[in-house]
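These notes are about the structure you will find just below.
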Number of protein chains: 2
Amino acid sequence: MTSRPRHPKLSDATPGGPAGHDIGSHDDEPPRLDLGQFLPYRLNSLADRISQALSRIYGERFGITIAEWRVLAWLSHREELTAKQIGEHTRMDKAKVSRAIQALEGRTLIRRTQSAQDQRVQYLHLTQQGEALLSELIPQARAWEDELLATLSSEEYRDLLATMAKLERQLTHLER
Amino acid sequence: MTSRPRHPKLSDATPGGPAGHDIGSHDDEPPRLDLGQFLPYRLNSLADRISQALSRIYGERFGITIAEWRVLAWLSHREELTAKQIGEHTRMDKAKVSRAIQALEGRTLIRRTQSAQDQRVQYLHLTQQGEALLSELIPQARAWEDELLATLSSEEYRDLLATMAKLERQLTHLER
DNA sequence: GGCAACTGGTTTCATTTGAAACTATATGTT
DNA sequence: AACATATAGTTTCAAATGAAACCAGTTGCC
């Protein structure tokens with residue numbers, strides 16, 4: 001370890017500090033952490049802001065929670081999913097998925113059918129209403145995304161996705 | 001609208017699907033959304049995974065919640081912050097900040113001092129214990145971050161931060 | 001000085017959350 | 001066939017959350 005400045009951190013000028021960070025030698029004064037330079041924090045904060053802004057669209061305009069939106073979106077992408085699968089995709093726990101499904105079914109936006117082979121699983125489908133809602137919601141969500149992305153060039157966007165994919169891979173690597 | 005494919009979406013090959021998405025013409029069939037290509041979702045999911053992995057470090061090893069960690073980290077970066085300021089930085093609501101502070105004070109990791117000018121505000125400081133904890137925790141957090149970032153080149157890392165900054169700017173722009 | 005409007009921080013309360021218990025079905029093992 | 005083990009999905013329960021009420025102090029205005 002001890003190897004902090006791997007990535008030059010560009011703005012290594014910690015604004016207005018003795019900048020005597022980077023451990024390594026002996027530490028008499030405690031290490032400081034600039035959260036603005038700490039990727040997990042930055043990323044989280046950005047994602048959070050985006051989520052929140054976006055959830056205003058499907059929350060206020062459509063009365064849909066984030067969990068519900070995710071279920072619907074997955075169903076729009078691929079029909080015949082089970083609660084389990086949705087849970088895996090969205091990384092929401094069983095309970096949350098279950099509740100979202102109940103709520104959506106309550107509003108007849110989705111419908112369930114029992115699997116014939118396995119009585120425990122139930123396949124989920126969009127109803128007409130669900131599809132109708134999505135055909136309003138999805139374009140709006142995309143339009144919003146486009147506005148957000150308008151600030152990026154195609155290359156920047158491409159690179160961003162690629163970098164994120166790398167991080168995801170590394171993450172699964174680290175997780176084990 | 002209707003202008004989806006602004007950014008060429010590179011891996012347009014949705015793994016194992018008819019890939020017949022991207023609307024554009026007339027829609028008789030409802031639009032489908034591939035969450036895997038939807039930045040808000042991707043970003044959120046990535047940030048979430050990172051947060052969760054990292055929180056294992058300060059959660060399990062140090063018994064610290066995310067909120068508490070954020071408060072501590074900000075205090076490590078700049079002493080003499082108020083609850084208000086921390087709330088602004090971290091975008092956590094008053095209540096959450098207040099609770100984190102209480103918990104941290106309970107464990108004597110931080111200390112408060114009343115402001116002389118304004119009896120309502122109280123400045124927060126790390127205690128010796130708090131500093132001690134951070135001088136263990138911060139290096140570990142950084143080490144973990146380094147492992148995660150090991151997969152990126154310096155340029156990729158730089159670009160990532162730059163792109164994120166752009167998105168953040170755009171977001172504040174859109175928010176108003 | 002006194003009154004209204006405001007602000008920093010805490011508390012309350014109803015809602016949301018997630019872990020663990022539970023139900024019902026399925027699979028494997030003897 | 002009987003029994004243990006596993007799995008899909010639901011429910012329960014205690015803890016975390018956030019909006020709004022609240023308290024204490026401050027500022028502005030007459």
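Here is the naming used below: chain letters follow the sequence lines, and residue numbers restart at 1 for every chain. When reading the values below, keep in mind they use all heavy atoms of this one structure, side chains included, and skip hydrogens, waters and symmetry mates.
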Output the rounded distance in Å from NZ (B:K96) to P (C:dT16).
16 Å
Could a donor-acceptor pair under 3.5 angstrom be found where the side chain of B:K84 meets the base of C:dG8?
no
Answer yes or no: are there more than 12 heavy-atom neighbours, outside A:H125 itself, under 6.0 Å from its atom NE2?
yes
Here the distance between atom C1' of D:dA16 and atom CH2 of B:W69, to the nearest Å, is 21 Å
Is a side-chain donor-acceptor pair under 3.5 Å present for A:Q129 with A:T108?
yes
Counting only side-chain nitrogens and oxygens, does B:R91 get under 4.0 Å of the OP1 or OP2 atom of D:dG18?
no
Side chain of B:Q122 - closest among C:dT10, D:dT7, D:dT10:
C:dT10
Does the C:dG9 base have a donor-acceptor partner in the side chain of B:K94 within less than 3.5 Å?
yes
Figure out the CG/C1' separation between A:D93 and D:dT12, and round it to whole Å.
14 Å
More 5' along DNA chain D: A:D118 or A:R99, using each one's nearest nucleotide?
A:D118
Just checking B:Q117: base, sugar-phosphate only, or nothing, at a heavy-atom cut-off of under 4.0 Å?
sugar-phosphate
Distance check needed: D:dG9 C1' versus A:Q85 CD, whole Å only.
14 Å
Contact between A:I50 and A:W144 at the side-chain level, heavy atoms closer than 4.5 Å - yes or no?
yes
Need one value for B:T65: base, sugar-phosphate or nothing, where a base atom within 4.0 Å counts as base even if backbone is also close, heavy atoms only.
nothing
To the side chain of B:A95, which of D:dT11, D:dA8, C:dT11 is closest?
C:dT11
Could you tell me the separation between the CE atom of B:M92 and the P atom of D:dA19, rounded to a whole number of Å?
14 Å
Taking CG from A:D48 and P from D:dT17, how many angstroms apart are they, rounded to a whole number?
12 Å
Do the side-chain N or O atoms of A:S98 get closer than 4.0 angstrom to the phosphate oxygens (OP1, OP2) of D:dT10?
yes
Mark yes or no for a side-chain to base donor-acceptor pair under 3.5 Å between B:R120 and D:dT26, with no hydrogen or angle criteria applied.
no
Please answer: with hydrophobic residues joined when any side-chain heavy atoms are less than 4.5 Å apart, are A:F38 and B:L46 in the same cluster?
yes
With a sphere of 6.0 Å drawn around CD of B:Q128, does it hold more than 12 non-hydrogen atoms of other residues, nucleotides or ligands?
no
From CD of B:Q52 over to P of C:dT17, roughly how many Å is that when rounded to an integer?
14 Å
N or O in side chain of A:Q114 less than 4.0 angstrom from C:dT25 OP1/OP2:
no
How many Å lie between CD on B:Q119 and C1' on D:dC23, as a whole number?
14 Å
